[in-house]
Amino acid sequence: MKSVYDCKPDVLTYSSLISCCIKHHRFDLISQILAEMSYLGIKCNVVIYNTMIDGYGKAELFEPMEKLLSEMIESVTCLPDVFTLNSFIWAYGNCGKIETMERWYEEFQLMGIRPDERTFNILIRSYGKAAMYEKMESVLNFMKKRFISPTVVTFNTIIEIFGRAGNIEKMDALFLKMKHEGMKPNTVTYCSLVNAYSKAGKLSILHSLTASLVPMAGLACNAQGMIEAAQDVESEMSAAKDSSRVFLPASLLI
């Protein structure tokens with residue numbers, strides 16, 4: 001490309017290159033790309049900064065992630081936004097650094113950056129993963145007070161969390177609430193339910209659930225797989241009924 005007359009790389013070209021490096025975890029190449037951009041007088045934009053921050057965060061490379069944020073704050077044209085906020089709290093929340101996640105959430109608030117629906121979903125997921133259910137509930141209450149309606153993603157996240165924890169009663173209550181609020185459960189919802197009922201040995205509920213999936217439009221392609229998974233669970237549990245261990249097929253493990 002660079003050898004072709006009147007065909008020079010621009011900010012979009014380098015943005016794509018950086019995205020590819022992050023996707024393939026070639027962080028060692030990013031500094032070379034940034035150096036070339038600087039040599040050509042091409043400045044990073046908000047998208048490039050957010051792409052790098054998100055990539056470093058998911059790789060748990062917190063030092064370069066925070067360094068990039070400092071560069072954004074010092075710049076005039078590339079100030080942090082809600083995407084930067086979400087990348088930061090996801091990075092720390094995902095690895096269980098809850099206090100650091102909360103600190104950065106407050107820092108972004110002081111910068112005047114307001115959370116969006118995805119921010120709250122990330123907070124709920126992080127608290128749930130850390131088994132901090134009271135704080136998870138507090139996020140939901142905060143959303144309610146601010147008239148921010150939970151989305152399907154919000155409900156799916158909480159249903160999965162309670163299902164993983166074996167709290168079937170809470171999970172069922174959330175599932176009913178989801179439907180009462182007019183939200184249509186999707187394949188993610190039902191997969192979480194199937195996993196939870198399977199692990200809890202609720203075979204009668206599991207059979208009723210998987211049978212109800214068959215006639216549902218949009219879920220037909222997944223219904224048979226769920227039914228087969230449920231049948232696998234039943235057969236394996238029957239074979240192990242005299243044992244204290246309950247074996248689950250790999251297809252049911254998230």
Side-chain angles (χ1 to χ4, degrees), residues 46-47 49-51 53-54 57-58 60 62 65-66 68-70 72-73 78-193 195-197 200 209 254:
V46 176
V47 174
Y49 272 116
N50 281 338
T51 299
I53 285 173
D54 190 62
K58 287 178 178 175
E60 298 186 12
F62 302 122
M65 181 181 76
E66 293 186 10
L68 286 169
L69 176 63
S70 297
M72 292 183 78
I73 294 171
C78 296
L79 295 175
D81 57 18
V82 69
F83 297 102
T84 322
L85 161 63
N86 289 342
S87 293
F88 257 72
I89 64 170
W90 190 97
Y92 287 114
N94 187 61
C95 65
K97 296 180 180 292
I98 302 299
E99 290 185 5
T100 309
M101 178 192 76
E102 292 174 336
R103 177 172 61 82
W104 276 112
Y105 177 82
E106 295 298 331
E107 289 288 339
F108 276 93
Q109 294 284 289
L110 294 174
M111 293 181 209
I113 299 169
R114 297 292 173 248
D116 60 8
E117 290 177 354
R118 185 166 183 269
T119 311
F120 295 120
N121 289 337
I122 294 170
L123 289 172
I124 289 169
R125 178 184 178 276
S126 300
Y127 287 134
K129 190 175 179 180
M132 301 173 73
Y133 304 120
E134 289 186 6
K135 287 200 171 187
M136 190 174 73
E137 296 276 359
S138 70
V139 175
L140 285 171
N141 292 333
F142 181 86
M143 292 173 68
K144 186 177 181 181
K145 290 177 182 178
R146 298 297 189 278
F147 302 101
I148 302 171
S149 300
T151 63
V152 173
V153 174
T154 309
F155 278 106
N156 283 347
T157 301
I158 304 171
I159 286 170
E160 182 190 12
I161 287 166
F162 284 128
R164 281 176 175 268
N167 194 334
I168 303 300
E169 185 179 346
K170 277 273 192 181
M171 183 189 73
D172 286 342
L174 262 295
F175 181 57
L176 288 175
K177 184 179 180 182
M178 179 183 188
K179 293 194 290 185
H180 287 162
E181 293 192 7
M183 294 187 191
K184 187 177 180 181
N186 56 21
T187 53
V188 175
T189 318
Y190 287 110
C191 282
S192 295
L193 293 172
N195 274 284
Y197 291 137
L209 176 65
I254 299 177

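We number each residue from 1, following the sequence as shown. All values below were derived from every heavy atom in this structure, side-chain atoms included, with hydrogens, water molecules and symmetry-related copies excluded. The structure presented is a predicted model; accordingly, all values stated were derived computationally and were not measured.
The minimum heavy-atom distance linking K170 with N167 is given by the pair N-OD1, 3.1 Å. Scanning all heavy atoms of the two residues, the minimum distance from S87 to I53 falls at CB-CG2, 3.9 Å. For the residue pair G128 and M136, the shortest heavy atom distance occurs at CA-SD, 3.8 Å. When all heavy atoms of A196 and M171 are compared, the closest pair comes out as CB-SD, 3.4 Å. What you find for T151 and M183 is that their closest heavy atoms are C-SD, 3.7 Å. For the residue pair I98 and S126, the shortest heavy atom distance occurs at CD1-O, 3.8 Å.
Using modelled atom types, no side-chain atom of D172 and backbone atom of F175 make a donor-acceptor pair closer than 3.5 Å. A distance-only check finds no donor-acceptor pair linking the side chain of E106 to the backbone of L110 [under 3.5 Å]. No donor-acceptor pair under 3.5 Å is formed between the side chain of K179 and the backbone N or O of P185.
Annotation: F162 is in aromatic contact with Y133 [ring centroid separation under 6.0 Å]. Y105 has its ring centre no less than 6.0 Å from the ring centre of F88.
The distance from atom CG of N156 to atom OH of Y190, rounded to the nearest 0.5 Å, is 10.5 Å. To the nearest 0.5 angstrom, C78 atom SG is 11.0 Å from L68 atom CG.
By the 6.0 Å contact criterion, CD on E99 is open, its count of non-hydrogen atoms from other residues, nucleotides or ligands being 12 or less.
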